[in-house]
Amino acid sequence: MRVKRAKAYKKAMQFYQQAFGFRQPYQVLITPDFIDECIASKLSMKEDLPEVFQGPVKQLVSECTLKELRNGGDDKIVALAAIKLFERRRCPHKELSLTGLECVRKIMGKVNEHNYAVATQDIKLRNKLRNIPGVPIVHVKQRQVVLEPITQLSRDELKRRTEEKLKPSRFETKVVKTVKRQDRQER
């Protein structure tokens, strides 16, 4: 990996750590299409993902992704062997008839409360994830694993959180009001 790209990735992960509370080992939800693309591009997820995230990574595969790969037939045998060592992530939905992409969509929800990063090739899923603040998105581009730049929505969320922290608390505003009243009464 080039030095310039490595610095940009390190800076991005520091942003996610400070703004959204990400911590090492980073949890990465992996979709079936990403696994297929890594196999086709002859990339090693075990080596490339920690390099991209600039730290240790915990690779997670949902139950639906696992089921989809098992039902995929002979062409998915290599993918099943590749994810053998990955951790399983339980699905929040009862029915297990969803595809791996739909399952990841449901796991992420509207807020990234578990601080997951997502590794996917699906453009529709990536567009949806860009609308959730604080989601690092990884995909394969030209035989390299690439971390997408920080979205403006994530930057705006950090700004909103920072401004909220700087505002006085309820107790402080209450104290200020009482002090002002006392000051007026003394005059």
Trainee: If you link I, L, V, M, F, W and Y whenever their side-chain heavy atoms are under 4.5 Å apart, who else ends up in the same group as Val111?
Mentor: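 Members other than Val111 - counting any ILVMFWY side chain reachable under 4.5 Å - there are none.
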Trainee: For residues 134-151, which residue pairs qualify under salt bridge (charged side-chain N to carboxylate O under 4.0 Å, His left out), counting only residues two or more places apart or in two chains?
Mentor: Arg126-Glu148, Arg130-Glu148
Trainee: Using the side chain to side chain contact (heavy atoms under 4.5 Å, CB included) criterion, which residues pair with Lys124? Sequence neighbours excluded.
Mentor: Arg105, Asp122
Trainee: Could you pull out all residues at least two apart from Arg90 that satisfy side chain to side chain contact (heavy atoms under 4.5 Å, CB included)?
Mentor: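 Residues passing side chain to side chain contact (heavy atoms under 4.5 Å, CB included) with Arg90: none at all.
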Trainee: Applying ring pair (Phe, Tyr, Trp, His ring centres under 6.0 Å) as the test, list every pair that has at least one member in residues 33-91; sequence neighbours left out.
Mentor: Tyr26-Phe53
Trainee: Ala79: what forms a side chain to side chain contact (heavy atoms under 4.5 Å, CB included) with it, not counting sequence neighbours?
Mentor: Ile35, Asp36, Ile39, Leu69
Trainee: Sequence neighbours left out, what passes side-chain hydrogen bond (donor to acceptor under 3.5 Å, both in side chains) with Glu113? Give chain and number order.
Mentor: none
Trainee: Please go through Leu125's hydrophobic cluster and name the other residues, only I, L, V, M, F, W, Y counting, with side-chain heavy atoms under 4.5 Å joining them.
Mentor: Leu29, Leu60, Leu101, Val104, Ile107, Met108, Tyr116, Val118, Leu129, Ile132, Val135, Ile137
Trainee: So which pairs with a foot in residues 117-162 pass ring pair (Phe, Tyr, Trp, His ring centres under 6.0 Å), sequence neighbours left out?
Mentor: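 For residues 117-162: none.
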Trainee: What pairs of residues pass the salt bridge (charged side-chain N to carboxylate O under 4.0 Å, His left out) test when at least one of them lies in residues 174-185, not counting sequence neighbours?
Mentor: Asp183-Arg187
Trainee: Can you tell me which residue pairs pass the ring pair (Phe, Tyr, Trp, His ring centres under 6.0 Å) test with a partner in residues 163-184, sequence neighbours excluded?
Mentor: none
Trainee: With sequence neighbours excluded, what pairs up with Asn131 under the side chain to side chain contact (heavy atoms under 4.5 Å, CB included) test?
Mentor: none
